[in-house]
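We name chains A, B, ... by the order of the sequence lines, and we start the count at 1 in each one. Small disclaimer: the values here were computed from a predicted structure and weren't measured.
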2 protein chains.
Amino acid sequence: MSETDASGPEDARLVALPLYKRAEEAMRARIADGRWPPGARLPNEPRLAEEFGVSHGTLRKALAALEAQGLVERRPGRGTRVARTTDEAAVYAFLRLWDTGGERVIPEPLSEALAEDTATPAEVEELALAEPRVWRLTRCRGHAGRAVSLERMVLPVARFPELGAHRPLPNSLYPFYESAFRQSVVAARDDLTAEPADAEAAAALSVAEGAPLLCAARVARNLSGEPVELRRSLYLTAGIAYRVDLSK
Amino acid sequence: MSETDASGPEDARLVALPLYKRAEEAMRARIADGRWPPGARLPNEPRLAEEFGVSHGTLRKALAALEAQGLVERRPGRGTRVARTTDEAAVYAFLRLWDTGGERVIPEPLSEALAEDTATPAEVEELALAEPRVWRLTRCRGHAGRAVSLERMVLPVARFPELGAHRPLPNSLYPFYESAFRQSVVAARDDLTAEPADAEAAAALSVAEGAPLLCAARVARNLSGEPVELRRSLYLTAGIAYRVDLSK
DNA sequence: AAGTGGTCTAGACCACTCC
DNA sequence: GAGTGGTCTAGACCACTTG
């Protein structure tokens, strides 16, 4: 009852995990820690099934879950690969702007400023920083001939060591984070509010001070759930909206 | 080559649908048209498999898809039922307000006004109306002692025949739509913008005219994709935010 | 105890991709 | 033609709920 009874109260949940879930978590861990980097090809299904000691069907259930989460891409005849964060994928998942005509809006960079700084206590906590050095990136982007967004990003210097060497930064940042710093963003949370334009935003977006702007305060996270980027975007929602699809 | 070749170019897509997808669509249709109303218990898996002429595993794959979409609820030992739109489910899926303390915000009704009216041409199109009579429901809701939202709903009289008989309306409208009018909302699209408060909103929310408000313009749809409700919510985002979770 | 859904297996066959 | 993922089956066994 001491050594043989392995199902103690602590690991009862782990023992109870079904095989397909264990295989899924094992593969997710390989992607998260870089053993299977973006673009890497996975062994084929029979090999994976043998490796994890499960049947074909069970292994496929685990892979289906990873595919549904956008972590791997599967194609008949071609195999299974770890999904790269492409421009298209990043825009699709993380840029929610649409114009009144029903077309997606992808603003183009107008200006950017980058500086190293010390994080505020709130930023240290939100980014779970061991070391308070951060980059502050401010970017203004435009669409259809006018400035529509002013974005202020905060990035840990520890995760993005030589960010200043890559300027000007590409329009789509998340694919760049992945390819240049091995920092993949797979999830984000936006808290949306309406805010009056401050002096800097009013100047950048050519509106009066106090004009209503849509503010999106974001925490972007990697596969391990660690915060990678803070972002505060101010949008001039004239002919543009932040679109959210809700469903059961 | 004439009658035997059933795979003509028109129905090639239909013929190619895998069995699990066909079973899924067949069951979805039964839910959508009311043959399996909310709360109804489905036949057990062996019966359904036999009815659709597929194996246990194939039938389960179809049911798993419906469960993932929130259309059915399954419990070991209890069976499979068509999901009801409960208050909890509706709040979880369609009310995205959180306070700065990280708690969900569920505003309480302060006042409501209901009137029958003729839809504007834009509303006729957005609601796909055959007949332009609509209800206009205006509701003010509050939280923590102050008014935080002013909502204007537009509902087709044809779908909600005796809406006026149910006043005062319950706080959570979507479960009420389902139980009182058999109108289930399973998806919605919110277009978010920042707007200056007009005179009515300023009075209702106790802010100055022109103060920034978060505006959510919504189209809510049923299982068949038909528009059921238009809604324009104005939120006073002081200590409150509209939260959006994004992921690959 | 009976009935339900949940897991897992072993194997067959198909469609697609690439050489 | 060889290799890949996608579909489908038949059956076994388990865990949970209800009477």
Side-chain angles (χ1 to χ4, degrees), chain A residues 5-7 9 11-27 30-31 36 39-84, chain B residues 5-7 9 11-27 30-31 36 39-84:
Chain A
D5 185 12
S7 60
D11 48 10
R13 209 180 55 85
L14 288 173
V15 172
L17 271 184
L19 294 182
Y20 72 85
K21 206 72 188 169
R22 277 189 258 178
E24 178 190 337
E25 296 306 332
M27 291 191 283
R30 292 193 190 185
I31 297 171
W36 286 347
R41 179 162 174 186
L42 273 60
N44 66 21
E45 295 182 353
R47 274 181 223 278
L48 287 172
E50 186 193 3
E51 182 177 352
F52 293 112
V54 299
S55 71
H56 183 206
T58 299
L59 188 274
R60 274 185 61 74
K61 188 164 179 176
L63 277 175
L66 296 176
E67 186 184 27
Q69 294 157 37
L71 298 186
V72 302
E73 291 171 347
R74 324 190 66 199
R75 293 275 291 277
R78 301 195 44 183
T80 303
R81 292 177 178 278
V82 179
R84 282 201 168 86
Chain B
D5 186 13
S7 60
D11 48 10
R13 208 180 57 86
L14 289 173
V15 172
L17 270 184
L19 294 182
Y20 71 85
K21 206 72 188 170
R22 277 190 260 179
E24 179 190 337
E25 296 306 333
M27 292 191 282
R30 293 193 190 184
I31 297 172
W36 286 347
R41 180 161 171 185
L42 274 59
N44 66 22
E45 294 181 354
R47 275 182 221 278
L48 286 171
E50 186 193 1
E51 182 177 350
F52 293 113
V54 300
S55 70
H56 183 207
T58 299
L59 189 274
R60 274 184 60 75
K61 188 164 179 177
L63 278 175
L66 296 176
E67 186 184 27
Q69 293 159 36
L71 298 185
V72 303
E73 290 170 349
R74 325 190 65 195
R75 294 274 292 278
R78 300 192 46 182
T80 302
R81 291 176 179 279
V82 179
R84 281 200 168 88

- Item | For atom CG of A:Leu19 and atom P of D:dC13, their distance in whole Å | 17 Å

- Message: Does this structure show an ion pair linking A:Glu45 with A:Arg74, if we count only N-O contacts that are shorter than 4.0 Å?
- Response: yes

Short N/O separations, protein against nucleotides 14-19 of chain C, under 3.5 angstrom:
unit_1: C:dC18; atom_1: OP1; unit_2: A:Arg78; atom_2: NE; d: 3.3

- Hey, what do you get for CZ (B:Arg41) to CZ (B:Arg81), rounding to the nearest 0.5 Å? 6.0 Å

- Message: If you only use heavy atoms from C-beta on, which nucleotide in C:dT9, D:dG5, C:dG5 is closest to the side chain of A:Glu45?
- Response: D:dG5

- Item | side chain to side chain contact (heavy atoms under 4.5 Å, CB included), paired with A:Leu42, selected from A:Ile31, A:Leu63, A:Leu66 | A:Leu63

- Message: Tell me whether B:Arg60 is salt-bridged to B:Glu67, with the criterion being a basic N under 4.0 Å from an acidic carboxylate O.
- Response: no

- Message: Would you say B:Asn44 places a side-chain N or O within less than 4.0 Å of OP1 or OP2 belonging to C:dT4?
- Response: yes

- Message: From CZ of B:Arg81 over to P of C:dT4, roughly how many Å is that when rounded to an integer?
- Response: 12 Å

- Item | Point-to-point distance, once rounded to the nearest 0.5 Å, from OG1 of A:Thr80 to CG of A:Leu48 | 7.5 Å

- What is the distance, rounded to the nearest whole Å, between atom CD of B:Glu73 and atom P of C:dG6? 12 Å

- Query: Under 4.0 Å between a Lys/Arg side-chain N and an Asp/Glu carboxylate O for A:Arg30 and A:Glu51?
  - Reply: yes

- With a cut-off of 6.0 Å (strictly less than), are more than 12 heavy atoms of other residues, nucleotides or ligands near CD of A:Glu50? no

- Does B:Tyr20 put a side-chain nitrogen or oxygen below 4.0 Å from OP1 or OP2 of D:dC8? no

- Message: Out of the candidates B:Arg22, B:Arg47, B:Glu24, B:Met27, only one should pair with B:Phe52 under the side chain to side chain contact (heavy atoms under 4.5 Å, CB included) rule; please name it.
- Response: B:Met27

- Using a cut-off of 4.0 Å on non-hydrogen atoms, how would the nucleic acid contact of B:Arg41 be classed: base, sugar-phosphate, or nothing? sugar-phosphate

- Kindly say if B:Thr80 contacts the phosphate of C:dT4, meaning a side-chain N or O under 4.0 Å from OP1 or OP2. no

- Task: Nearest 0.5 Å please: distance from the CD atom of A:Glu25 over to the OH atom of A:Tyr20.
- Result: 10.5 Å

- Taking only heavy atoms on the protein side, list every residue of residues 47-70 of chain A lying under 4.0 Å from any atom of DNA chain D, sorted numerically. A:His56, A:Arg60

